[in-house]
2 protein chains.
Amino acid sequence: MTDLLAQLPGYALRRAANAVMGELAPILAGHDLKIAEAAVLLLVREQANLTSSQIGKTLDIQRANMVPLLNRLESAGLIHREPIDKKSLAINLTKDGEAKICEAGAAIDTFEKNLLARVPAEHRDHLLPALNAIWR
Amino acid sequence: MTDLLAQLPGYALRRAANAVMGELAPILAGHDLKIAEAAVLLLVREQANLTSSQIGKTLDIQRANMVPLLNRLESAGLIHREPIDKKSLAINLTKDGEAKICEAGAAIDTFEKNLLARVPAEHRDHLLPALNAIWR
DNA sequence: AACACATTGCTATTGTAAATAGCATTTTTG
DNA sequence: CAAAAATGCTATTTACAATAGCAATGTGTT
């Protein structure tokens with residue numbers, strides 16, 4: 001029908017991302033996490049002692065918006081902030097945070113597998129490198 | 001560095017879409033259009049006499065949100081609404097609307113070409129079918 | 001024809017994510 | 001040491017999408 005729009009990579013990208021995030025959000029909501037929060041937890045698990053601004057730079061979240069995000073994770077007992085020097089704070093997972101991202105991570109892995117399964121086999125291995133080439 | 005996140009297709013999709021829309025928005029803003037508005041104009045140009053709800057279904061925009069969008073396009077003189085029956089309105093481009101989407105469409109085409117050019121040649125032709133398989 | 005039901009376009013409101021601007025403190029650098 | 005940059009934060013604003021409800025019209029069934 002509207003093949004015109006589906007022939008524009010930009011539009012397809014927009015629709016695909018909306019669709020996928022719209023599916024992922026309720027899954028993570030089942031773990032009481034938002035998408036951006038899960039991304040922070042994954043990153044913090046991989047790399048210890050990151051500061052708020054380092055996380056923000058990596059995930060493309062502005063400093064001002066990191067504050068309420070980290071506040072929520074901290075008051076949920078998932079992370080803790082520890083002073084590095086008199087200016088910076090190291091962000092690390094708590095025990096609860098490790099457990100949380102462990103179970104949520106499993107759900108994400110399943111989700112990602114299902115996502116890739118939707119892509120025809122001949123295109124599947126090209127998706128990730130193509131996407132990463134666009135933004136990295 | 002954070003290869004973990006870049007290995008998740010869902011995350012790469014999110015970041016790529018954000019990056020691309022973040023680049024497209026100011027280009028369209030130069031034509032006094034938002035992304036969703038440009039999509040409507042492209043659709044309406046391709047298919048005459050669509051109703052608001054048909055456009056909404058095609059572009060995945062809710063009826064309630066179609067109203068201010070179409071209002072803006074109409075008051076900008078780009079579209080006009082004409083009664084089909086006593087309930088429905090046909091949306092069509094005005095002369096100005098045709099001119100607008102003609103010039104904006106050229107900018108979009110250039111943008112899309114540049115977007116594809118970023119993708120390594122061996123992955124390029126797989127991007128669109130892979131994305132469309134995800135949401136269509 | 002009469003009825004229940006769905007659709008259309010709309011209003012009004014809410015919620016949420018992201019952007020902007022500014023500030024005090026601290027660190028870095030030239 | 002002085003100027004500039006970085007850090008974490010507050011407060012505000014903007015943009016966007018979601019929700020609920022409504023009157024009018026159209027559709028389908030019996």
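Chain A is the first sequence line, chain B the second, and so forth, proteins listed ahead of strands; every chain is numbered from 1.
Along DNA chain C, the nucleotide nearest to Lys86(A) and the one nearest to Asp60(A) differ in position, and the one closer to the 5' end is contacted by Asp60(A). In this structure, Asp85(A) and Lys34(A) both approach DNA chain C, and ranking their closest nucleotides by distance from the 5' end singles out Lys34(A).
In this structure Glu23(A) satisfies the salt bridge (charged side-chain N to carboxylate O under 4.0 Å, His left out) test together with Arg118(A), sequence neighbours excluded. Take Gln54(B) and apply the side-chain hydrogen bond (donor to acceptor under 3.5 Å, both in side chains) test, not counting sequence neighbours, and it matches Thr51(B). For Asp96(B), the side-chain hydrogen bond (donor to acceptor under 3.5 Å, both in side chains) criterion is met by no residue, not counting sequence neighbours. In this structure Asp85(B) satisfies the side-chain contact (heavy atoms from CB on, under 4.5 Å) test together with Lys87(B), Ser88(B), sequence neighbours excluded. Legend: residues meeting ring pair (Phe, Tyr, Trp, His ring centres under 6.0 Å) with His123(A), ordered by chain and number and at least two apart, are His126(B). Every residue two or more places apart in sequence or in another chain was checked for a side-chain hydrogen bond (donor to acceptor under 3.5 Å, both in side chains) with Arg63(B), and none qualifies. The salt bridge (charged side-chain N to carboxylate O under 4.0 Å, His left out) test applied to Glu98(A) returns no partner, not counting sequence neighbours. Taking Arg15(A) as the reference, Tyr11(A) meet the side-chain hydrogen bond (donor to acceptor under 3.5 Å, both in side chains) condition, with sequence neighbours excluded.
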Could you run down the sub-3.5 Å N/O contacts of the protein with nucleotides 8-15 of chain C?
unit_1  : atom_1 : unit_2   : atom_2 : d
dT8(C)  : OP2    : Lys57(B) : NZ     : 3.2
dT8(C)  : O5'    : Ser53(B) : OG     : 3.2
dG9(C)  : OP1    : Leu89(B) : N      : 3.1
dG9(C)  : OP2    : Ser53(B) : N      : 2.9
dG9(C)  : OP2    : Ser53(B) : OG     : 2.8
dG9(C)  : N7     : Arg63(B) : NE     : 3.1
dC10(C) : OP2    : Arg81(B) : NH1    : 3.0

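With rounding to whole Å, His80(A) atom NE2 is found 15 Å from dG8(D) atom P. Here dA18(C) presents its P atom at 11 Å from CG of Leu59(A), a figure rounded to the nearest Å. Distance CG (Leu69(A)) to P (dA18(C)): 9 Å, rounded to an integer number of Å. Atom CD1 in Ile35(B) sits roughly 9 Å away from atom P in dC16(D) (whole-Å rounding). Rounded to whole Å, atom P of dG21(D) lies 15 Å from atom CD of Gln62(B). As rounded to whole Å, 14 Å separates atom P of dA17(C) from atom CE of Met66(A). Between Ile91(A) atom CD1 and dT7(D) atom P the separation is 13 Å, expressed in whole Å. Here dG8(D) presents its P atom at 14 Å from CD of Glu82(A), a figure rounded to the nearest Å.
Taken residue by residue, residues 20-30 of chain A places no heavy atom nearer than 4.0 Å to DNA chain C.
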Could you go through residues 24-36 of chain A and list every donor-acceptor pair under 3.5 Å that involves a side-chain atom there, pairing it with any protein atom two or more places apart or in another chain?
unit_1   : atom_1 : unit_2    : atom_2 : d
His31(A) : ND1    : Glu103(A) : OE2    : 3.1

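For the atom pair CG of Asn71(B) and CD1 of Ile79(B), the computed distance is 8.0 Å after rounding to the nearest 0.5 Å.
With contacts defined as side-chain heavy-atom distances shorter than 4.5 Å, the pair Leu70(A)/Leu89(A) does not qualify.
The end-to-end axis angle of the helix from dA1(C)-dT30(D) to dG30(C)-dC1(D), rounded to 10 degrees and based on five pairs per end, is 40°.
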